[in-house]
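Counting starts at 1 for both ligands and their atoms, following the listed order. Heads up: numbering here begins at 1 and tracks the sequence.
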Amino acid sequence: MSIKYICCECDKKYDPKTLVFRCECGGLLDLEKFDFIFSKEDILSNEWNLFRYLKTLPFDDSFNLWKDLTMGEGLTPIIPLEKDNPNLLVKVDYLMPTLSFKDRGAVVLISKAKELGIKKVIQDSSGNAGNSIAAYASRVGIECDIYVPEGTSSKKIKQISSHGAKVHIVKGTREDTAKAALNAVENGEGFYASHVYNPFFYQGTKTYAYEIYEQLNGDLPGSLVIPVGNGTLLLGCYYGFKELLDLGLIEKIPKIIAVQAKGCAPIYRAFKEGKDSVDEVTNTGTLAEGIAIAKPMRGKQILEAIRATEGEIITAPENKIVEARKYLAEKGFYVEPTTAATFAGFINYYNANNSELDGKVILPLCGAGLKKD
Ligand SMILES: *Cc1c(COP(=O)(O)O)cnc(C)c1O
Ligand SMILES: [Zn+2]
């Protein structure tokens with residue numbers, strides 16, 4: 001499919017073949033809108049992976065490279081967390097090949113990289129996105145360099161290097177890590193397979209919405225609780241529901257309740273101050289490393305998405321994360337601290353609102369507990 005990138009600031013278009021990752025004006029690249037037909041009948045119901053929604057993805061119907069890549073990602077269960085509360089549902093997105101939801105984005109992004117004939121990819125991550133890109137790149141024989149900040153869980157680093165990827169540990173902040181990866185890309189060392197910059201990643205995360213639509217038979221939840229650091233799940237989920245709305249398959253997009261860590265909450269701050277763009281903050285420390293993004297590049301788009309759903313943004317109290325992790329484990333789910341923080345933030349909000357929920361709520365369990373001590 002000869003789909004183009006389009007700059008979110010100046011609308012300039014680029015062919016993905018040029019390997020450009022940012023507009024010359026400095027704007028981030030989105031994917032040009034592409035038309036497709038989709039209804040329940042178009043689901044490839046014999047595919048037990050997210051390519052069952054191939055019709056909605058930016059590939060030709062004849063595209064079949066994904067068959068070499070898929071490891072059965074997606075199609076994660078949606079189940080009540082507690083038996084007494086049928087309205088609180090968790091979507092167990094850590095049940096993925098590399099144990100986090102990032103596989104949704106990575107499998108689509110690496111499929112596209114393979115289609116473009118890429119030989120080497122570069123990426124920076126606080127861990128899980130790197131795990132995922134490394135696994136899929138390895139599976140199709142693409143060389144891979146991953147940049148991570150010092151302090152990243154040693155388990156995640158081991159996981160990345162076990163796939164044969166080269167791990168670069170960068171001193172300083174998460175932002176310094178991003179800079180180091182960008183330098184390598186600018187030096188022509190490889191294709192920037194960034195989950196933040198590369199819009200194909202969001203085409204994968206949007207399947208989160210299509211699955212909810214299919215699994216709940218169109219009986220949508222009132223709210224979606226979503227952790228937000230760089231917003232790759234949040235934006236993908238929003239794009240997916242927006243497409244379903246535009247296709248006339250749903251009447252309303254569920255309200256997005258975004259969760260940030262109290263120690264690093266730039267989007268929360270901008271939202272509460274009524275701003276349209278997000279200023280960088282200083283990360284004062286949090287256990288929720290997966291959402292500790294002091295300068296989210298797509299902050300403006302994240303704010304727009306939350307507001308478009310008449311949503312809300314909340315923070316997770318740091319002193320409740322360990323307790324929340326324990327509680328989820330009591331219910332049978334062993335998650336990483338970032339996921340516990342998402343739950344802690346939600347419970348705080350729920351209690352403050354006298355436990356009143358408008359319809360069902362879906363909260364994703366994004367990362368597995370074994371990823372971190
Ligand atoms: C990546 C990640 C997040 C946050 O996703 P963003 O795309 O940065 O908003 C949350 N939880 C886990 C477990 C993650 O791996
Ligand atoms: Zn531009």
Side-chain angles (χ1 to χ4, degrees), residues 4-14 20-30 91-96 98-106 109 123-133 148 152-153 155-156 159-160 174 178 194-198 201-202 204-206 208 225-238 256 258-261 264-268 278 286-299 301-302 305-306 313 316 321 325 328 333-345 363-372:
K4 298 232 170 13
Y5 292 146
I6 180 164
C7 171
C8 71
E9 299 289 343
C10 73
D11 290 345
K12 188 172 162 117
K13 291 185 185 178
Y14 295 88
V20 61
F21 61 90
R22 202 170 182 168
C23 181
E24 59 190 15
C25 83
L28 291 167
L29 300 175
D30 289 330
K91 187 156 172 58
V92 195
D93 250 33
Y94 68 72
L95 292 178
M96 296 264 184
T98 77
L99 309 180
S100 86
F101 82 84
K102 299 293 193 316
D103 292 352
R104 293 186 185 278
L109 172 49
Q123 199 240 23
D124 53 284
S125 150
S126 63
N128 288 338
N131 286 168
S132 202
I133 292 288
V148 298
T152 298
S153 149
K155 295 184 172 178
K156 293 182 184 177
Q159 197 184 349
I160 295 169
R174 173 68 182 82
S194 164
H195 55 304
V196 184
Y197 283 84
N198 196 303
F201 196 90
Y202 302 78
T205 52
K206 83 180 185 188
Y208 185 79
V225 178
I226 307 184
V228 58
N230 278 309
T232 67
L233 182 61
L234 187 145
L235 288 172
C237 176
Y238 175 68
I256 293 178
V259 187
Q260 293 225 277
C264 190
I267 302 168
Y268 171 81
V278 176
T286 173
L287 286 175
E289 62 178 17
I291 46 174
I293 306 294
K295 190 185 174 196
M297 299 303 296
R298 294 192 184 265
Q301 296 176 332
I302 295 166
I306 299 171
I313 180 156
I321 297 177
R325 193 180 192 197
L328 290 169
F333 298 103
Y334 188 46
V335 300
E336 69 169 285
T338 304
T339 294
T342 310
F343 185 71
L363 184 142
L365 302 180
C366 288
L370 291 176
K371 284 183 171 271
K372 199 154 173 22

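Counting only heavy atoms of the protein, atom 12 (C) of ligand 1 lies nearest to C366 CB, 3.7 Å. The closest protein non-hydrogen atom to atom 8 (O) of ligand 1 is N230 N, 2.7 Å. Taking atom 11 (N) of ligand 1 as the reference point, the nearest protein heavy-atom neighbour is T338 CG2, 3.4 Å.
The atoms of ligand 1 that sit less than 4.0 Å from any heavy atom of V228 are 9 (O). In the vicinity of N128, heavy-atom distances shorter than 4.0 Å reach the ligand 1 atoms 13 (C), 14 (C), 15 (O). For ligand 1, the atoms closer than 4.0 angstrom to any heavy atom of T232 are 6 (P), 7 (O), 9 (O). In summary, the atoms of ligand 1 found under 4.0 Å from a heavy atom of G229, numbered by their order in the structure, are 6 (P), 8 (O), 9 (O). Close approach of ligand 1 to I291 is summarised as follows: ligand atoms under 4.0 Å from at least one heavy atom of the residue are 4 (C), 10 (C). Ligand-side atoms of ligand 1 in range of G367: 13 (C), range being under 4.0 angstrom from any heavy atom. For ligand 1, the atoms closer than 4.0 angstrom to any heavy atom of F101 are 1 (C), 2 (C), 3 (C), 5 (O), 14 (C).
Residues K102 and I133 form no side-chain contact, since every pair of their non-hydrogen atoms from C-beta on lies 4.5 Å or further apart. Within the 4.5 Å cutoff, the side chain of C8 has no heavy atoms near those of the C23 side chain. Between Y208 and K91, the closest side-chain pair of non-hydrogen atoms falls below 4.5 Å.
Distance check: I291 CD1 to L233 CG gives 12.0 Å after rounding to the nearest 0.5 Å. The CZ atom of R298 sits 4.5 Å away from the OH atom of Y202 when rounded to the nearest 0.5 Å. In this structure, OG in S132 is found 9.0 Å from CD in Q159, a value given to the nearest 0.5 Å. Atoms NZ and OG, on K371 and S153 in that order, are 8.0 Å from each other to the nearest 0.5 Å. Here the OG1-CD distance, from T342 to Q260, works out to 10.5 Å after rounding to the nearest 0.5 Å.
Every residue meeting the side-chain contact (heavy atoms from CB on, under 4.5 Å) condition with A341, not counting sequence neighbours, appears here in chain and number order: A288, A316, I321.
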#### Entry: Full working for side chain to side chain contact (heavy atoms under 4.5 Å, CB included) between K206 and Y238
CA-CA 7 Å; K206 83 180 185 188; Y238 175 68; over 6 Å; no

### Task
Start with the C-alpha gap between L29 and C7, add the side-chain angles, then the distance that decides, and say whether side chain to side chain contact (heavy atoms under 4.5 Å, CB included) holds.
CA-CA 5 Å; L29 300 175; C7 171; 4.3 Å; yes

### Query
Would L99 and E336 satisfy side chain to side chain contact (heavy atoms under 4.5 Å, CB included), going step by step from the backbone distance to the final call?
CA-CA 10 Å; L99 309 180; E336 69 169 285; over 6 Å; no

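Not a single heavy atom of A129 sits closer than 4.0 Å to an atom of ligand 1. Under a 4.0 angstrom heavy-atom cut-off, I293 registers as lying outside contact with ligand 1. Using a non-hydrogen distance threshold of 4.0 Å, L234 does not register as a contact of ligand 1.
Residue-and-atom listing of protein N/O/S atoms under 2.8 Å from the Zn ion (ligand 2), sorted by chain and number: C7 SG, C10 SG, C23 SG, C25 SG.
In this structure, E289 pairs ionically with K156, as a charged nitrogen and a carboxylate oxygen lie closer than 4.0 Å.
Taking any N or O of G231, backbone or side chain, at least one lies under 3.5 Å from an N or O belonging to ligand 1. For the pair E336 and ligand 1, the shortest N or O to N or O distance does not fall below 3.5 Å.
Screening N131, N128, T98, T205 against D103 for a side chain to side chain donor-acceptor pair (under 3.5 Å) leaves a single residue, T98.
By heavy-atom distance, the residue among K102, K156, K371 lying nearest atom 3 (C) of ligand 1 is K102.
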